[in-house]
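Working notes, beginning with the structure itself.
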Amino acid sequence: MNNVQLEELMLSVQKPGRYSGGEIGSVIKDKQAVDVRFAFCFPDTYEIGMSHLGMKILYSCLNRRPDIWCERVFAPWTDFEQVMREYEIPLFALESRDPIREFDFIGFTLQYEMSYTNVLNMLDLAGLPVRSSDRKDFSPLVVAGGPCVCNAEPIADFIDLFFVGEGEEVDLEVIDLYKRCRDEHKTKREFLRLAAEIEGVYVPSLYDVRYKDDGTIMSVTPKNGAPATVKKRIIADMDAVDYPDQVVVPYIEVVHDRVMQEIYRGCIRGCRFCQAGFIYRPVREKSVETISKQARDLCANTGYDEISLTSLSTSDYRELEPLLNELLSWTDEQKVSLSLPSLRIDNFSPELLEKVQHIRQSGLTFAAEAGTQRLRDVINKNITEEEILSTCRMAFAGGHTAVKLYFMMGLPTETDEDILGIAELAQKIVDEYYHLPNKPKGKGVTVTVSVSNFVPKPFTPFEFEPQINQSEILRRQQLLKGAIRSKKILLSYHDAPTSTLEGVFARGDRRLSAVIETAWRSGCRFDSWNEHFDSSRWHEAFVACGIDPAFYNERTRSYEEIMPWDHLDYGVDKPFFVKQNQLAKQAVTTPNCRIACAGCGANCYGEGVCFEER
């Protein structure tokens with residue numbers, strides 16, 4: 001099918017701009033002049049994938065190499081999928097519109113568990129078998145990276161190899177190995193065996209998993225020279241690592257349509273529910289000068305007039321005030337606005353408020369996570385109710401009239417008192433506004449309470465804990481809803497069935513690959529979208545495979561149990577998680593990394609916050 005015919009078919013669907021390509025900043029190369037073609041696949045819509053910083057970084061990193069052409073691929077929405085299947089259009093890359101089955105690598109980024117059926121659907125649309133064992137040819141190789149790789153087992157049967165940790169260096173090392181093996185006419189199996197020797201590469205087919213009669217894991221045994229544990233890769237020098245000075249500028253509106261400027265990786269906090277806070281350790285910061293130059297180059301090359309400073313906790317950046325002064329020295333003049341997401345309540349100072357006021361007059365967002373002090377201590381949030389109230393008071397005094405607070409429901413040891421505490425805290429914040437001596441005349445306050453369902457994740461102190469079931473989630477949601485009586489408080493909460501399924505895959509093993517494939521073949525895809533999630537199909541898939549999902553998310557795991565991810569090393573020791581779990585049950589907190597070292601093990605990398613003077 002030629003481009004004219006393809007474009008005519010695109011016009012029949014809801015958003016043709018998702019598939020057209022040709023945007024400013026997209027990289028076009030002569031395919032005859034490159035050695036390796038890499039299809040970077042985001043298993044969700046264009047609007048979400050184009051907002052993902054990791055894709056922008058790796059797209060730039062790979063394309064800087066003259067011998068590599070990296071192109072973008074997104075999951076087609078159901079309307080275009082129907083067209084593709086009707087007219088036998090194989091899944092193609094946006095830059096060249098070539099079928100991705102002709103590429104050397106098909107790489108997926110796994111950002112959330114609910115995208116797994118989309119991975120299978122994209123492979124099928126490409127015209128490839130979904131299971132790794134059925135793809136005998138040397139290429140295309142199907143690879144994957146991203147945070148879900150920290151427990152890759154539920155999707156292990158479909159992926160040839162996983163990148164564990166940060167990809168800027170290890171991706172290129174694997175590509176170089178591929179070129180050498182291809183030139184030496186090695187087989188796919190020989191390549192995978194050699195790839196497993198590269199630090200940060202996990203080849204699931206080189207590990208045999210045996211199970212006990214009770215369904216738990218008996219052993220994970222490497223073979224053919226694969227390492228017993230696979231250690232994640234990190235980038236040591238954030239000032240030296242590749243960062244794009246040009247990004248693709250979409251033609252249609254995307255979720256985050258602005259310059260995204262990364263200021264550091266990792267987190268000092270150690271919140272016991274937060275997977276990202278542990279798997280991205282240790283904290284490594286960029287310098288003020290590097291951040292300012294990168295942001296300025298991106299604005300100049302893209303035309304964007306907004307910069308978002310991205311990290312897990314922006315206000316924990318050591319040089320935040322000098323950074324804002326530096327950025328404001330040129331953003332004001334060029335009429336470029338700044339946004340600061342991920343602000344912490346306990347270090348939100350009047351000086352920072354003044355900067356935020358100068359930057360952006362809008363609602364402020366904070367993560368309180370729990371409604372009572374006891375439960376905040378359990379999760380190691382290390383903020384007090386008075387800090388929450390004083391921060392909101394400060395914001396209101398500065399002219400803000402809207403505050404959004406994030407909470408979680410279903411945290412370990414949570415009681416009804418903790419649920420009611422969310423409503424009580426929100427009401428206290430409303431009262432703080434109306435007790436202001438100089439509150440804005442004619443303006444009311446809005447306190448938005450957003451409540452997500454707690455999902456226990458690997459590589460956290462709560463990886464041992466059960467997840468509450470759907471009926472209990474619904475009961476607690478109704479309890480909270482009934483406790484909120486002020487129209488000044490807006491409540492939103494997450495869907496229970498999707499949280500339950502996310503919990504199953506978060507801590508599942510590779511027996512779940514059969515469930516995922518069965519559900520996909522029955523029509524499941526875009527499972528993170530409410531309009532497409534079908535719990536009945538998933539229930540039928542579990543029944544057909546003889547697997548009880550409650551085994552994975554509703555039972556307490558012993559400290560001695562072998563976890564499906566224990567052969568992956570993210571730098572934080574399992575004994576540390578055990579100790580933190582025990583402290584949680586006593587509601588005892590641990591100070592952040594800049595106050596005292598908790599001995600998590602991340603100093604094994606020899607970099608970052610572990611070696612700062614305290």
Side-chain angles (χ1 to χ4, degrees), residues 31 34-41 43 68-71 73 84-85 88-93 96 98-110 116-145 149 152-164 170-171 173-198 201-209 220-227 230 509-518 520-521 545:
K31 61 185 178 184
V34 297
D35 289 336
V36 174
R37 298 188 70 183
F38 194 106
F40 197 126
C41 300
I68 303 170
W69 187 10
C70 177
E71 303 181 51
V73 189
M84 293 174 72
R85 293 195 184 278
E88 298 183 349
I89 302 168
L91 188 63
F92 57 87
S96 65
D98 288 340
I100 65 170
R101 64 174 175 238
E102 298 175 0
F103 284 47
D104 300 282
F105 286 87
I106 295 175
F108 288 94
T109 179
L110 304 177
Y116 289 165
T117 53
N118 276 9
V119 172
L120 272 61
N121 202 47
M122 292 173 77
L123 289 172
D124 185 62
L125 284 169
L128 295 169
V130 296
R131 287 187 171 264
S132 173
S133 58
D134 295 331
R135 297 189 299 268
K136 306 297 185 183
D137 294 338
F138 186 37
S139 64
L141 290 160
V142 178
V143 302
V149 170
E153 296 307 283
I155 202 169
D157 287 352
F158 313 115
I159 307 297
D160 296 325
L161 67 81
F162 292 95
F163 298 114
V164 180
V170 67
D171 289 20
E173 292 172 19
V174 168
I175 289 173
D176 286 337
L177 174 66
Y178 167 82
K179 289 172 60 177
R180 191 173 80 242
C181 289
R182 181 191 58 193
D183 293 345
E184 295 173 359
H185 305 291
K186 292 188 183 296
T187 64
K188 175 181 176 179
R189 180 177 296 182
E190 290 171 323
F191 164 77
L192 291 175
R193 185 182 59 77
L194 292 169
E197 297 176 5
I198 299 174
V201 173
Y202 171 45
V203 181
S205 61
L206 296 182
Y207 295 80
D208 287 332
V209 183
V220 178
T221 307
K223 57 187 180 183
N224 296 332
V230 180
D509 53 48
R510 60 178 66 181
R511 291 174 294 190
L512 291 176
S513 289
V515 179
I516 294 170
E517 183 175 359
T518 302
W520 164 69
R521 292 194 185 280
C545 296

For the [atom1] atom of [X] and the [atom2] atom of [Y], what is their distance to the nearest 0.5 Å?
X: K188; Y: S139; atom1: NZ; atom2: OG; result: 10.0 Å
X: F162; Y: F108; atom1: CZ; atom2: CZ; result: 11.0 Å
X: W69; Y: D104; atom1: CH2; atom2: CG; result: 12.5 Å
X: L128; Y: I106; atom1: CG; atom2: CD1; result: 5.0 Å

Hey, are R101 and D137 close enough for a salt bridge, meaning a charged N less than 4.0 Å from a carboxylate O? no

Residues in salt bridge (charged side-chain N to carboxylate O under 4.0 Å, His left out) contact with [X], at least two apart in sequence or another chain:
X: E173; answer: R233
X: D134; answer: none
X: D98; answer: K31, R37

Near R189 CZ, under 6.0 Å, is it more than 12 heavy atoms from other residues, nucleotides or ligands? no

State whether a side-chain donor-acceptor pair under 3.5 Å links S132 with D160. yes

Are Y116 and F158 an aromatic pair by the rule of ring centers under 6.0 Å? no

Suppose we screen for side chain to side chain donor-acceptor pair (under 3.5 Å). Which residues come up paired with E517, at least two apart in sequence or across chains? R131, R521

Applying side chain to side chain donor-acceptor pair (under 3.5 Å) to D171 and not counting sequence neighbours gives none

So, R510 side chain and V209 main chain: donor-acceptor pair closer than 3.5 Å or not? no

Which residues share a side-chain contact (heavy atoms from CB on, under 4.5 Å) with R511, sequence neighbours left out: Y211, D509, I547, F551, Y552

Any side-chain heavy atom of I516 sitting closer than 4.5 Å to one from V119? no

If you look at every heavy atom in F103 and A93, which pair is closest and at what distance? CZ-CB, 3.8 Å

